[in-house]
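Count residues from 1 along the sequence. No hydrogens, no waters, no symmetry mates; every other heavy atom, side chains included, goes into these values. Both ligands and their constituent atoms are indexed starting at 1 by order of listing. Given the structure is predicted, the values throughout are model-derived calculations rather than measurements.
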Amino acid sequence: MMFTIFSSLISVSQAQDPSQLSLDYYSKTCPAAQDIVKAEMECAVRDDPRNAATILRLHFHDCFVQGCDGSVLLDDTYSLQGEKEASQNANSLIGFDIVDKIKNQLESECPGVVSCADLLAIAARDAVLLVGGPYWDVPLGRKDSTTASFSAADTDLPAVNHGLVTLITKFLAKGLSVTDMVALVGAHTIGKARCVSFRDRIYGDFGTTSHSALTSELYLSSLKSTCPASGGDDEVSPIDNVTPTLFDNSFYHILLRGEGLLNSDQEMYSSLLGFETASLVQKYALDPIAFFNQFSDSMVKMGNITNLEGGEVRKNCRFVNS
Ligand code: HEM
Ligand SMILES: *[C@@H]1O[C@H](CO)[C@@H](O)[C@H](O)[C@H]1NC(C)=O
């Protein structure tokens with residue numbers, strides 16, 4: 001008898017290990033959670049396919065700073081400096097209203113149960129699926145942070161002007177391999193970038209990497225008309241100009257042609273140091289299934305970056321619970 005009680009206590013404490021995610025985390029406490037997120041994401045993406053990109057990027061920027069803990073969602077307050085004004089996020093991250101809407105639905109169905117970090121992980125998967133990408137099961141059980149880190153958002157997130165070695169270093173620092181990086185950056189098959197993110201590239205080495213083929217010249221001149229040498233910083237252009245709202249592998253074909261919009265993307269193929277990354281770009285361009293499989297695996301890995309401090313289930317994704 002004593003033994004049974006003792007061993008069941010152990011198994012309870014193992015089940016609550018905060019660093020271990022599980023597929024059935026909400027199966028008893030909020031069985032409708034995944035359906036609720038899915039229904040809201042269907043609306044959002046039907047409304048505007050870019051919303052798929054927006055949510056996917058939010059999850060990435062969440063996971064790279066303190067782990068996937070919803071820290072990116074926190075608003076600035078008197079007592080807390082959030083991450084929204086960090087250099088890679090300011091004037092760029094959007095979609096917080098979509099998160100609020102999903103959270104409201106979750107709270108009315110099962111109050112205080114589903115974390116904002118899990119919400120983002122499920123929503124990012126649904127986003128990808130809704131625009132033609134792969135499906136994967138999302139491990140759940142993340143907690144929301146009670147802190148954010150403006151400084152880690154500045155130091156840990158990769159940036160367009162980083163060279164290949166810095167990009168690789170930033171992914172390795174999060175436990176993600178070169179293969180994970182090249183697959184995950186394939187997320188740029190959807191969504192848009194601002195002129196300020198690609199100006200240096202189009203007035204810089206775009207012509208060199210693209211070997212000035214006629215079609216590249218035409219693309220380049222249309223980019224320049226969207227994004228003048230000065231001014232128009234917030235004008236946007238699709239990152240994948242071939243199939244901007246479809247999750248496919250055309251992004252890698254664009255890199256093979258040397259027409260990547262973002263300097264960091266083209267680095268994967270054109271950097272002199274990029275033997276390994278260039279061969280992965282070729283692989284995913286040739287084999288869309290290999291890309292989908294690796295993207296799914298790498299998303300699970302990225303979603304597994306944990307904030308070891310644990311946390312809470314926020315009632316409102318923008319604020320810590322009082
Ligand atoms: C090599 C590392 C990466 C760099 C340097 C990078 C950089 C950027 C930049 C500069 C933009 C445009 C932002 C703007 O102009 O406002 C962007 C957009 C985007 N990024 Fe990345 N990114 C990287 C990796 C990733 C990863 C790993 C994901 C997701 C798995 C991702 C998902 C997205 C998406 C979906 C968009 C479009 C967002 C929208 O349309 O609202 N990126 N990225
Ligand atoms: C997720 O992280 C846990 C521990 O933090 C580890 O045991 C597990 O293997 C990881 N899973 C994946 C898919 O990376």
Going by the closest heavy atom to [atom], which one wins out of [options]?
atom	options	answer
atom 29 (C) of ligand 1	A183, P244, A187	A187
atom 16 (O) of ligand 1	S92, A124, A159	S92
atom 30 (C) of ligand 1	N51, L184, D180	L184

Is there a polar contact between ligand 1 and S264, counting only N or O atoms under 3.5 Å apart? no
Does N91 reach ligand 1 with a nitrogen or oxygen that is under 3.5 Å from one of the ligand's nitrogen or oxygen atoms? no
I'd like to check which ligand 1 atoms, numbered from 1 as shown, lie under 4.0 Å from a non-hydrogen atom of [X].
X	result
A193	12 (C), 15 (O)
P158	2 (C), 3 (C), 5 (C)
V160	5 (C), 10 (C)
G191	37 (C), 40 (O)
R50	39 (C), 40 (O), 41 (O)

What protein heavy atom sits nearest [atom], and how far off is it?
atom	value
atom 19 (C) of ligand 1	R57 CD, 3.2 Å
atom 25 (C) of ligand 1	F60 CE2, 3.2 Å
atom 35 (C) of ligand 1	A53 O, 3.2 Å
atom 9 (C) of ligand 1	L262 CD1, 3.8 Å

Would you indicate whether the side-chain heavy atoms of [Y] and [X] approach each other to under 4.5 Å?
X	Y	result
C227	I202	yes
S92	R57	yes
V182	E276	no

Within the 3.5 Å criterion, strictly below it, is a donor on [X] or [Y] matched to an acceptor on the partner's side chain?
X	Y	answer
T209	R201	yes
N104	E107	no
T243	D240	yes
D180	S177	yes

From N307 atom CG to K143 atom NZ, the distance as rounded to the nearest 0.5 Å: 12.0 Å
Report the distance from atom CD1 of I254 to atom OG1 of T189, rounding to the nearest 0.5 Å. 7.5 Å
Evaluation steps, side-chain hydrogen bond (donor to acceptor under 3.5 Å, both in side chains), between D69 and Q66: CA-CA 7 Å; D69 60 357; Q66 303 187 150; 2.9 Å; yes
Kindly indicate, with the supporting measurements, whether the criterion side-chain hydrogen bond (donor to acceptor under 3.5 Å, both in side chains) is fulfilled by E83 and S149. CA-CA 6 Å; E83 296 163 11; S149 181; 5.7 Å; no
Is there a polar contact between ligand 2 and T306, counting only N or O atoms under 3.5 Å apart? no
With a cut-off of 4.0 Å, which atoms of ligand 2 are near a heavy atom of Q20? 3 (C), 4 (C), 7 (O)
Judged by atom type as modelled, is there a donor-acceptor pair below 3.5 Å linking the side chain of D144 to the main-chain atoms of C317? no
Which N, O or S atom name in H188 marks its closest approach to atom 21 (Fe) of ligand 1? NE2
Non-hydrogen atom of F171 closer than 4.0 Å to ligand 1: yes
Is the closest heavy atom of I239 to ligand 1 under 4.0 Å? yes
